[in-house]
Each structure stands twice: as C-alpha cells, then as structure tokens.
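These notes are about the structure you will find just below.
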Amino acid sequence: MKHIVHATLLAMSLGLAAGNAAAADYKLNPFTLAYEGAITRNVPSGVNVHSVFYPLNGIEIAANFYTPANFDAARKYPTIVVAHPNGGVKEQVAGLYAQRLAEQGYIAITADAAYQGASGGQPRSVDTPSHRIEDIHGMADFISRFPWVDTRRLGLLGICGGGGYSLAAAQTDKRFMAVATISMFNSGRVRRNGYADSQLDTIQQRLQHASNARAQEAAGGEVLYSGDANLTDAQIAKLPFDLYRQGYAYYWKTHAHPNATFRYTTSSLLDLMRWDATDQIELINQPLLMIAGSKADSLYMTQDAFAKATGTSDKQLVLLDGATHIETYWVPKYVDAAVASLATFYSRTLAP
C-alpha cells in the first residue's frame, strides 16, 4: 500500500530519548563525533560506539558501529547499514542516526566512503556512484560476519547523497530487507542538470571540462577538484538555495569535522553525470520509506524517486512539517520525528 504521512512531533508519543547532551564540536568528543547528544564514553549499560577498519577492494575502510544498551553477544540483533551524505563523514549526521537507531535496539554501522574521510584511496575525494554503492555492499559484508548480527533482519538507511546510492544498492542487494532514505539527494541528476535543474544549458561544457580533467590526470598532471569553494559569510548568504546556505553552516561551522569536505575530483563527473538514482529503481521490491522536509528545496528528488519506485507495493513517504533539507540532520524535533518513523518502519519490516 502507498502512504504519504505528515509527521512533526510523532517521536514524543514514543518517548524517544535525545541522548546525553554534548557539544557538536568534534574536538570535545573522545570519538570525534560531531553531533548533539553524541556518546562520550562506552559503558555496558548504554549505547556504545566501536571504531573499526576493514579492507574493501584493496582500500582500507574506516567505520563506526553502534551497539544497543546492555548488548549481549549471545543474542542476534536486527542491523541497519547507514550511508552518509555527499561531503559528510561517519561522525556527523550518519553517526547521529546510527546512534539513535542503536537506542532503539539495533546494531547500526556507518563508514566513510572509499577515497573520503578516514578511509583510504588515492586520489583523495573521488566521488563516483560505483564506489559509493560498493561502500554500501561492503558495510553489509563486514557487519554480517559477526554472530550477533541477524542477517535475516538487515536494513538500509541512506541520508542525502547516501540516500540516492542506497536506492541503487537495494535494487540488486536483496540482503537488505527494508530500505529508507532521509532527504534523498540524486547526485547524478544534480551534477548533470544542476540543482533544481538550473544548469541544463551548460551540460556539454561541463562534460568537456570533466573530460579535460581526466585527460590531465591520465597524463600525470595535477588532479583537479570541483565544489571546493572557501566562501565568506556574505557569499554564503547570497547562495540561491537553502540546501547550500544551510549546508555550509552545518559542514563548516556548527557540525564541522576535519575529514569532511565538499570537494570531489572533477573527473568524477564523467561517472556522475551519466548516472541517475532512479535508473532501474523499479527493481526495488523491498519495503521502502522515504523521509524529507516539507520545506526542503531538495524535496523534488524524493518525490520523483518515490513515484518511480513502482516495484514495491509497500512504500511510504513521510514529510516532516516545516523542515528544510539540512534541518533534518540536526534540529531535535525533526530528528525525533524521523527516528520515530524509522523505528515504526523497521520494527514492522525487520520483525523476527
């Protein structure tokens, strides 16, 4: 059945805890977590975070996984793989949602994408769909090795760009029994058409620029980057979209982390611009939950993907009343509402 639900403070009725209050400053957190309410120490009676590294196609991946309070290694737990936004790292919003899911009794894992964050790979900041999708498969590979993970109850959550890549991963990876997105960002569409389809008239010029960048790399020249702008507050205020204005504030100021960066290799555009998160989306036959802010200027991407996801009869669109894209990352009432929807969705779709 198809559902569209408007949610604001739904979480209050479920009594979800906000967690231990802590500053978002990564320097004040022993695990360098950059979100409010982050874990500051591991204790058996509470949610714990564990830092790990594992190989994926010859690259060392840095990940955090979260275990529920009073974790018992003799039990089996439903488990959620969490894919982070473009430009983000595991210590930011992906970690926040992983921690909140652990508070609900789930194992949750989130990893820095290959070539990004604390993960390995050269050159730095390669950002291609094939790598990002493989990162998601790789998280499932790694966490499924543990005996306390119930592989029959494996879910997927993608945030922003990680949401678009999660839709692609779930098309073919049927280990994921349920898939959810928050503020889904279709990286291919935006890199190709511009945000809100605002750059349709420059596609060929940008493709030529990306082609030239690849040729320069292949010849041993300097690696060129896009999206690496150091803007003043005045310049940020003049940006045309909420996502970019609020994104700069989130990533560079309020929830900054040294491993996070907006930049990506310009040659990545050769892959990004020919890709789309909705290609073959009808292959998703698992239950699907898509969450977005009702005032997000990125909402059109969630609505488009939701409409095209015709392969599943169990899909739900939840709109967080009044929220913008970035506000779903950190504003407590919107995070609480999103977590409440996720908890209801996963408890139903990942039931024993």
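No hydrogens, no waters, no symmetry mates; every other heavy atom, side chains included, goes into these values.
Defined by atom type and a distance below 3.5 Å, a donor-acceptor pair is missing between the side-chain atoms of Ser268 and Thr128. Side-chain contact of Arg191 with Ser187: a donor-acceptor pair under 3.5 Å is absent, judged by distance alone. Side-chain contact annotation: Asn285 with Lys174, donor-acceptor N/O pair under 3.5 Å present. One side chain, Gln208 or Asn212, offers a donor N or O that lies under 3.5 Å from an acceptor on the other. In summary, the side chains of Glu217 and Ser267 do present a donor paired with an acceptor at a separation below 3.5 Å, with no hydrogens or angles considered. Glu91 and His255 are not linked by any side-chain donor-acceptor pair at a separation below 3.5 angstrom, with hydrogens and angles left out of the test. Counting only N and O atoms by type, the side chains of Asn193 and Gln199 include no donor and acceptor under 3.5 Å apart. Asn48 and Arg41 form no side-chain donor-acceptor contact under 3.5 Å, judged by distance and modelled atom types alone.
Closest non-hydrogen pair, Ala34 versus Ala256, comes out as CB-O, 3.9 Å. Met184 and Ala305 make their closest contact through CE-CB, 3.6 Å (heavy atoms, listed as atom of the first residue, atom of the second, distance). Heavy atoms only, all atoms of each residue included: Pro123 and Val126 are closest at O-CG2, 3.4 Å. Looking at every heavy atom in both residues, Leu231 comes nearest to Trp252 through N-CZ3, 3.4 Å. Pairing each heavy atom of Val82 with each of Ala94, the nearest pair is CG1-O, 3.8 Å. In plain terms, the two heavy atoms of Ala292 and Leu299 that are nearest each other are CB-CD1, 3.7 Å.
Val43 and Ile107 are assigned to two separate hydrophobic clusters, defined by single-linkage of ILVMFWY side chains at heavy-atom distances under 4.5 Å. Under the 4.5 Å side-chain heavy-atom criterion for grouping Ile, Leu, Val, Met, Phe, Trp and Tyr, Val331 is connected to Leu243 within one hydrophobic cluster. Hydrophobic clustering places Phe71 together with Leu154 (ILVMFWY residues linked when any side-chain heavy atoms are closer than 4.5 Å, directly or through intermediates). With hydrophobic clusters built from ILVMFWY side chains whose heavy atoms lie under 4.5 angstrom apart, Ile326 shares a cluster with Phe241.
Ion pairing of Arg100 with Asp336 is present here, as a side-chain N (NZ or NE/NH1/NH2) and a carboxylate O approach within less than 4.0 Å. Ion pairing between a basic and an acidic side chain is recognised when a charged N comes within 4.0 Å of a carboxylate O; Arg192 and Asp197 show no such pairing. The pair Arg189-Asp276 does not meet the salt-bridge criterion, since no charged nitrogen lies less than 4.0 angstrom from a carboxylate oxygen. Between Asp314 and Arg348 there is a salt bridge, since at least one side-chain N of the basic residue sits less than 4.0 Å from a carboxylate O of the acidic one. Between Arg245 and Asp233, none of the side-chain N atoms (NZ, or NE/NH1/NH2) sits under 4.0 Å from a carboxylate O, so this pair counts as no salt bridge. Residues Asp304 and Lys308 are paired through a salt bridge, judged by an N-O separation under 4.0 Å between the basic side chain and the carboxylate.
Looking only at distances, no side-chain donor or acceptor of Gln280 sits under 3.5 Å from a matching main-chain atom of Gln171. With Glu60 contributing its side chain and Tyr54 its backbone, the two residues share no donor-acceptor pair below 3.5 Å. Proximity of a side-chain donor or acceptor of Lys315 to a complementary backbone N or O of Ala309 within less than 3.5 Å is detected. Distance alone, capped at 3.5 Å, places no donor-acceptor pair between the Thr79 side chain and the Val149 backbone. When atom types are taken as modelled, the side chain of Thr349 and the backbone of Ala178 share no donor-acceptor pair closer than 3.5 angstrom. A donor-acceptor contact shorter than 3.5 Å is absent between the side chain of Ser298 and the backbone of Phe185. At least one donor-acceptor pair closer than 3.5 Å links the side chain of Asp297 to the backbone N or O of Asp242. Side chain of Thr344 to backbone of Ser341: no donor-acceptor contact under 3.5 angstrom is found. Although no hydrogens or angles enter the test, the distance criterion places a donor-acceptor pair under 3.5 Å between the side chain of Ser119 and the main chain of Asp112. Looking only at distances, a side-chain donor or acceptor of Tyr77 sits under 3.5 Å from a matching main-chain atom of Asp72.
In Trp330, the CH2 atom is not crowded: 12 or fewer heavy atoms of neighbouring residues, nucleotides or ligands sit closer than 6.0 Å. Annotation: Lys295, atom NZ; neighbour count of heavy atoms from other residues, nucleotides and ligands within 6.0 Å does not exceed 12. Within a 6.0 Å sphere centred on CE of Met273, heavy atoms belonging to other residues, nucleotides or ligands number more than 12. Counting heavy-atom neighbours within 6.0 Å of His209 NE2, excluding the residue itself, gives a total of 12 or less. No more than 12 heavy atoms of other residues, nucleotides or ligands sit less than 6.0 Å from atom NZ of Lys253.
Sequence neighbours left out, the pairs with a member in residues 153-169 that pass salt bridge (Lys or Arg N to Asp or Glu O under 4.0 Å) are Asp150-Arg153.
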> Between Thr266 and Ser226, is a side-chain hydrogen bond (donor to acceptor under 3.5 Å, both in side chains) present by the stated rule, with each step listed?
Replying inline: CA-CA 5 Å; Thr266 302; Ser226 296; 2.9 Å; yes
> When you look at Met177 and Tyr346, which way does the side-chain contact (heavy atoms from CB on, under 4.5 Å) test go after all the steps?
Replying inline: CA-CA 9 Å; Met177 305 305 295; Tyr346 288 131; over 6 Å; no
>> Set out, in order, the CA-CA distance, both residues' side-chain angles and the distance that settles side-chain contact (heavy atoms from CB on, under 4.5 Å) for His257 and Thr32, then state yes or no.
In response: CA-CA 8 Å; His257 193 280; Thr32 75; 3.2 Å; yes
> Which is it for Arg175 and Asp141 under the salt bridge (charged side-chain N to carboxylate O under 4.0 Å, His left out) test, yes or no, and what are the steps along the way?
Replying inline: CA-CA 10 Å; Arg175 293 176 296 180; Asp141 295 341; 2.6 Å; yes
>> Could you go through Gln92 and Tyr329, starting from their C-alpha distance and side-chain angles, then the distance that decides it, and tell me whether this counts as side-chain contact (heavy atoms from CB on, under 4.5 Å)?
In response: CA-CA 9 Å; Gln92 295 169 318; Tyr329 290 17; over 6 Å; no
>> Checking Ile291 against Leu319 for the side-chain contact (heavy atoms from CB on, under 4.5 Å) test, could you report, in this order, the C-alpha distance in whole Å, the side-chain angles of both residues, the deciding distance, and whether it holds?
In response: CA-CA 6 Å; Ile291 301 171; Leu319 299 180; over 6 Å; no
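From Leu157, atom CG reaches atom CD1 of Ile109 across 13.5 Å, with rounding to the nearest 0.5 Å. Remark: Leu350 CG to Ser347 OG distance equals 8.5 Å, nearest 0.5 Å.
His325 is not listed as a side-chain neighbour of Gln246, based on a closest heavy-atom distance of 4.5 Å or more. The side-chain heavy atoms of Val52 and Asn64, taken from C-beta on, include no pair separated by under 4.5 Å. At least one side-chain heavy atom of Leu239 sits less than 4.5 Å from a side-chain heavy atom of Tyr248.
For Tyr66 and Tyr106, the ring centers sit 6.0 Å or farther from each other. Aromatic rings of Tyr115 and His131 (six-membered ring for Trp) have centroids within the 6.0 Å cut-off, being under it. Taking the six-membered ring for Trp and the full ring otherwise, the centers of Tyr251 and Phe262 sit less than 6.0 Å from each other.
Of the residues listed (Thr302, Thr328, Thr324), the one engaging Ser183 in a side chain to side chain donor-acceptor pair (under 3.5 Å) is Thr328, and it is the only one.
Taking the salt bridge (Lys or Arg N to Asp or Glu O under 4.0 Å) definition, one finds that Lys238 meets it with nothing, sequence neighbours left out.
With Tyr165 as the aromatic partner, Arg132 does not meet the cation-pi criteria of under 6.0 angstrom to the ring centre and within 45 degrees of the ring axis.
Ring planes of Phe65 and Phe146: tilted class, angle from 30 to 60°.
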